[in-house]
2 protein chains.
Amino acid sequence: MNDKKRILLVEDDPNFGIILRDFLNMNDYDVVLAKNGMEGFEKFKKYDFHICILDVMMPYKDGFTLVGEIKEINQDIPIIFLTAKSLKEDVLKGYKIGADDYLKKPFDSDVLLYKIKAILKRNKLSSILDTDEHEFKFSSFEFNSKLRHLKFKDNKHTKLSPKENMLLKMLLLHKNDLMPRELALTRIWRDDNYFTSRSMDVYIAKLRKQLEIDPNVKINNIHGEGFRLVSD
Amino acid sequence: MNDKKRILLVEDDPNFGIILRDFLNMNDYDVVLAKNGMEGFEKFKKYDFHICILDVMMPYKDGFTLVGEIKEINQDIPIIFLTAKSLKEDVLKGYKIGADDYLKKPFDSDVLLYKIKAILKRNKLSSILDTDEHEFKFSSFEFNSKLRHLKFKDNKHTKLSPKENMLLKMLLLHKNDLMPRELALTRIWRDDNYFTSRSMDVYIAKLRKQLEIDPNVKINNIHGEGFRLVSD
DNA sequence: TCATATGTTAACGATAGGTTAAATTAATTA
DNA sequence: TAATTAATTTAACCTATCGTTAACATATGA
């Protein structure tokens, strides 16, 4: 139930990055470390984080640019900037772009921990109340991913299990398009191995059974790639 | 609806306090200035604020003590500390006690503005729950959460216990929608662990018993997520 | 054709929830 | 202040739900 919180840490100084990652690990966070903005964005798209800690000055893609891209995908994710410079314009730019906090290096690691806690706490309510997209319509189905309800025409709704629910949502987010295996595995199962993969296949079968009332909806396999929900 | 946000500013240095108040006023906030912790607490009880900005070092009652008292009344209100000293222990103490941010004097006023904005943005959603609504009608029930009265049709009303009352209110604020376990636990029980969770289940059972006279009202469980009161 | 990927079902263990009653704590009242 | 009552927590026992895994079947592509 109380999973560890996942942090994306983007820091180009490898020594500092690794030390900080280990420190956060020791304090019960799951940390993914990326060593530049490019890599940071790739990791961000691939996994699902609760908070991002970004260095401002990095080669290829600086922290500000990265935040812009991140916020396009998820505008609610909290951001903490780390920076060596403390120019007023930079600080303001950071806040303007949607940062939640700003730490000047060198900073005290305990302070960082508390800032993380404070921010996650603040964000907890809004994530609990989570107002975004839960309602999907496809063919003759109505699907509410918040209530985990699937309804066909005027039938009574069926209840979906959490995994069924997430998987269906993910398929629908890629409706008529490939939903890569890997994506569902890393997002829903948070691990990509033989067993999670088989587990996912079981859930695909369960979903197919739920959807078979409607001949216009199919979940097709794309061998070695993933699945595709075709509809409408 | 789009009222100005109200700030409680507690600052013992009168010159600085007035300047800061005026600055915030100019930036479209309603500010109440108190010149020490005592007065701050009086003002806090008297009015309703969106955010508190507190000096740490003050005569009579310091910022930490004041926060303790404030959080007893409203644990969700965001707090920003202002301080001249930047001792690590003080900063940590601030966060531990529930501060949302910490500004070291002298600070840049624009930075303060952005911090306020960032924090209010995060807290926006929680205001959904800060309703003073206390009369509810659902199906054949009338419920007054101020009096803790629940009435079915023309029957005499039943009196609910404080916890029953809060839980029912919370369910009704989310009528026909998910009321997350975590939300009730953090807001009513102020803690989220095995025992509070079981305690909540007991209260759900009590409420179900109260509501069972009416076949059109149900409290459904959404496994692992929370409860949903369906009605009307 | 053979290794690998996927389809499907069923069984099992783990955890969440339903409910009642006893035990504990808090609030009232004598 | 002691006695009484109300409110809440904890324990106990039971059921429902969920996810994983094993087992066996079929499909795919080199």
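Naming convention: chains lettered A, B, ... in sequence-line order (proteins, then strands); numbering from 1 in each chain. FYI, side chains are in, hydrogens and waters are out, and symmetry mates aren't considered; it's all heavy atoms of this structure.
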Student: Roughly, in whole Å, what's the span from CD1 in A:Ile204 to C1' in C:dT6?
Tutor: 10 Å

Student: So does A:Lys121 have more than 12 non-hydrogen atoms from other groups sitting under 6.0 Å from NZ?
Tutor: no

Student: Rounded to the nearest angstrom, tell me the gap between atom NZ in A:Lys206 and atom C1' in C:dA10.
Tutor: 11 Å

Student: If you find the nucleotide of DNA chain D closest to A:Tyr203 and the one closest to B:Pro162, which residue's nucleotide is nearer the 5' end?
Tutor: B:Pro162

Student: By a strict heavy-atom criterion of less than 4.0 Å, which residues belonging to residues 207-231 of chain A are in contact with DNA chain D?
Tutor: A:His223

Student: Can you pull out the residues from residues 140-148 of chain A that lie within a 4.0 Å heavy-atom distance of DNA chain C?
Tutor: none

Student: Under the side-chain contact (heavy atoms from CB on, under 4.5 Å) test against A:Ile53, which residue among A:Leu8, A:Leu24, A:Val10 passes?
Tutor: A:Leu24

Student: So does B:Lys153 pair up with B:Asp214, basic N to acidic O under 4.0 Å?
Tutor: no

Student: Backbone N or O of A:Asn144 within a donor-acceptor pair of the A:His134 side chain at under 3.5 Å?
Tutor: no

Student: Extract, from 5' to 3' on DNA chain D, the first and final nucleotides lying under 4.0 angstrom from some heavy atom of chain B.
Tutor: D:dA7 to D:dC18

Student: B:Arg198: which residues meet the side-chain hydrogen bond (donor to acceptor under 3.5 Å, both in side chains) condition with it, sequence neighbours left out?
Tutor: B:Asp201

Student: Take atom NZ in A:Lys159; do more than 12 heavy atoms of anything else shown fall under 6.0 Å from it?
Tutor: no

Student: Heavy-atom count check: over 12 atoms from other residues, nucleotides or ligands less than 6.0 Å from A:Ile19 CD1?
Tutor: no

Student: Mind telling me whether A:His149 and A:His157 have parallel, tilted or perpendicular rings, with 30° and 60° as the class edges?
Tutor: parallel

Student: May I ask you to check whether A:Phe136 and A:Phe141 place their ring centers less than 6.0 Å from one another?
Tutor: no

Student: Can you classify the ring geometry of A:Phe49 versus A:Tyr47 as parallel (below 30°), tilted (30 to 60°) or perpendicular (above 60°)?
Tutor: perpendicular

Student: Is the shortest heavy-atom distance from the side chain of A:Phe143 to the side chain of A:Lys169 under 4.5 Å?
Tutor: yes

Student: In whole Å, what is the span from the CG atom of A:Leu167 to the P atom of C:dT6?
Tutor: 13 Å

Student: Evaluate whether atom NZ of B:Lys35 has more than 12 neighbouring non-hydrogen atoms of other residues, nucleotides or ligands under 6.0 angstrom away.
Tutor: no

Student: Is it true that a side-chain atom of A:Arg148 and a backbone atom of A:Leu160 form a donor plus acceptor pair closer than 3.5 Å?
Tutor: yes

Student: Is the closest side-chain heavy-atom distance between A:Leu229 and A:Met179 below 4.5 Å?
Tutor: no

Student: What are the residues of residues 180-200 of chain A, sorted by number, that bring a heavy atom to within less than 4.0 Å of DNA chain C?
Tutor: A:Arg181, A:Arg198

Student: So B:Asp232 and B:Lys175, salt bridge (charged side-chain N to carboxylate O under 4.0 Å, His left out) or not? Walk me through it.
Tutor: CA-CA 10 Å; B:Asp232 286 339; B:Lys175 191 170 75 173; 3.5 Å; yes

Student: Five pairs per end, C1' atoms only: what is the angle between the end axes of the helix from C:dT1-D:dA30 to C:dA30-D:dT1, to 10 degrees?
Tutor: 40°

